Amino acid sequence: MASELRIIRSEEVAKHNSEGSVWVIIDDKVYDVTKFLLEHPGGEEVLIQQAGQDATEAFNDVGHSADARAMTQEYLIGRLPDEETRNAKPPKITQEKAADGSSWSDIILSPTWTNFLIPVAVSIGVYLTYKLAQRAFPHI
């Protein structure tokens with residue numbers, strides 16, 4: 001099925017980055033979501049912000065439902081060529097760089113949910129431990 005899709009290079013997708021024409025890449029497939037802008041529950045700005053680029057991470061981070069994922073098929077217009085897909089080359093991980101080429105400082109400072117939730121969870125754990133210690137040892 002994927003081999004029957006039109007091959008669209010990422011350079012072509014990048015040209016469709018305005019409100020008049022919004023193409024995005026999700027999981028190496030190309031979608032024209034221009035007609036979906038006004039229907040998008042998260043608002044058209046979210047889609048326009050991702051226009052012309054790979055929106056896989058943003059799409060997956062939101063946690064779309066199975067219905068939303070099925071709905072994407074309506075807007076599917078093609079796929080990336082094999083040499084541009086995520087599986088084209090096996091990633092190399094070194095001590096300095098992550099698989100996507102980001103340095104560890106980029107990853108640590110990135111605004112992802114895990115980088116927000118982990119420190120919050122640790123802080124809550126420390127706070128609860130402190131409160132339990134105060135109750136157990138009130139004379140301290």
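Owing to the predicted nature of the structure, the values given are computational and were not obtained by experimental measurement.
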- Message: With side chain to side chain contact (heavy atoms under 4.5 Å, CB included) as the criterion, how do Arg69 and Asn60 come out once you've worked through the C-alpha distance, each side chain's angles and the decisive distance to 0.1 Å?
- Response: CA-CA 10 Å; Arg69 289 181 182 280; Asn60 291 334; 3.2 Å; yes

Straight-line distance of [X] [atom1] to [Y] [atom2], nearest 0.5 Å:
| X | Y | atom1 | atom2 | answer |
| --- | --- | --- | --- | --- |
| Lys35 | Glu74 | NZ | CD | 9.5 Å |
| Leu132 | Tyr127 | CG | OH | 10.5 Å |
| Leu37 | Glu45 | CG | CD | 9.5 Å |
| Phe59 | Gln50 | CZ | CD | 11.5 Å |
| Glu12 | Ile77 | CD | CD1 | 8.5 Å |
| Arg9 | Leu80 | CZ | CG | 9.0 Å |

- Item | Worked verdict on Arg79 versus Val30 for side chain to side chain contact (heavy atoms under 4.5 Å, CB included) | CA-CA 5 Å; Arg79 69 176 179 86; Val30 180; 5.8 Å; no

- Test Thr56 against Asp54 for side chain to side chain donor-acceptor pair (under 3.5 Å), laying out the working first. CA-CA 6 Å; Thr56 303; Asp54 191 326; 2.6 Å; yes

- Indicate yes or no: at least one non-hydrogen side-chain atom of Leu76 is less than 4.5 angstrom from one of Gln73. yes

- Decide yes or no for Val13 and Ile8: does some side-chain heavy atom of the first lie under 4.5 Å from some side-chain heavy atom of the second? yes

Same apolar cluster (I L V M F W Y, side chains within < 4.5 Å links), [X]/[Y]:
| X | Y | value |
| --- | --- | --- |
| Val46 | Trp23 | no |
| Tyr130 | Val122 | no |
| Leu5 | Ile26 | yes |
| Met71 | Val24 | yes |

- Query: In terms of heavy-atom contacts, does CD of Glu19 have more than 12 from other residues, nucleotides or ligands at under 6.0 Å?
  - Reply: no

- Item | Minimal non-hydrogen separation, Ser18 against Ala51, with atom names | N-CB, 4.4 Å

- Assess the side chains of Thr34 and Asp32: does a donor N or O sit below 3.5 Å from an acceptor N or O?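 Yes, because at least one side-chain N or O of Thr34 sits under 3.5 Å from a partner of the opposite role on Asp32.
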
